[in-house]
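Sharing a structure here in structure tokens format.
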Amino acid sequence: MLTIVAVDDDASENFLMTPRDKLARNNSSLSLAVPVAPSVIAAAGFSDAVMLVSQHIRKRLLVLPKRVPKGFDCERCFAAISAALAAYVPA
């Protein structure tokens with residue numbers, strides 16, 4: 001699942017708690033934050049925005065999180081997501 005959270009370019013204006021944080025209170029989950037400035041997304045066309053976000057996600061997947069839900073194969077999941085994003089990111 002990909003959840004988009006709209007934020008302000010000025011990080012001090014953003015809420016401290018995102019929907020992801022509220023969800024994590026009651027569920028075992030793994031979430032990744034991939035910040036992209038709203039002004040960058042707004043300036044890009046649709047296909048460029050998809051490519052940009054995909055690049056950021058693939059880069060973030062190279063770093064395994066410190067905490068992972070018990071029994072979750074993080075490396076396998078990240079490899080599958082990265083392979084799926086390859087369609088949107090030039091080699």
Side-chain angles (χ1 to χ4, degrees):
M1 174 177 68
L2 175 63
T3 302
I4 307 280
V5 178
V7 295
D8 194 287
D9 278 331
D10 180 359
S12 66
E13 295 293 322
N14 296 323
F15 292 111
L16 296 177
M17 182 167 293
T18 65
R20 158 180 67 91
D21 297 327
K22 293 176 186 174
L23 178 68
R25 285 187 197 157
N26 302 320
N27 299 287
S28 178
S29 65
L30 178 65
S31 60
L32 304 173
V34 183
V36 181
S39 57
V40 172
I41 296 295
F46 178 76
S47 59
D48 289 337
V50 169
M51 183 177 69
L52 179 67
V53 170
S54 297
Q55 288 172 331
H56 277 75
I57 292 170
R58 286 184 85 192
K59 184 177 177 181
R60 175 59 184 86
L61 292 175
L62 296 174
V63 180
L64 294 176
K66 293 178 182 176
R67 292 179 18 172
V68 177
K70 187 176 181 177
F72 183 73
D73 187 346
C74 201
E75 291 180 10
R76 182 175 171 217
C77 177
F78 284 11
I81 293 170
S82 185
L85 291 173
Y88 304 102
V89 181

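Computation of the quantities below employed the complete heavy-atom set of this structure, encompassing side-chain atoms and omitting hydrogens, waters and symmetry-equivalent molecules.
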Could you tell me which residues satisfy side chain to side chain contact (heavy atoms under 4.5 Å, CB included) with A79, sequence neighbours excluded, listed by chain and number?
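Residues passing side chain to side chain contact (heavy atoms under 4.5 Å, CB included) with A79: none at all.
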
Would you list the pairs meeting side chain to side chain donor-acceptor pair (under 3.5 Å) in which at least one residue belongs to residues 72-89, sequence neighbours left out?
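Output for this query lists R58-S82.
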
For residues 41-54, which side-chain donor-acceptor pairs fall under 3.5 Å, sequence neighbours excluded?
from: S54; atom 1: OG; to: V50; atom 2: O; distance (Å): 2.8

For the hydrophobic clusters of this structure (ILVMFWY residues joined by side-chain heavy atoms under 4.5 Å, transitively), does one cluster hold both L64 and V34?
yes

Under the rule for side chain to side chain contact (heavy atoms under 4.5 Å, CB included), what residues qualify as partners of A80, not counting sequence neighbours?
none

Kindly write out the residues that satisfy side chain to side chain contact (heavy atoms under 4.5 Å, CB included) with P65, not counting sequence neighbours, or none if the list is empty.
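Applying side chain to side chain contact (heavy atoms under 4.5 Å, CB included) to P65 gives L30, V68, C74, F78.
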
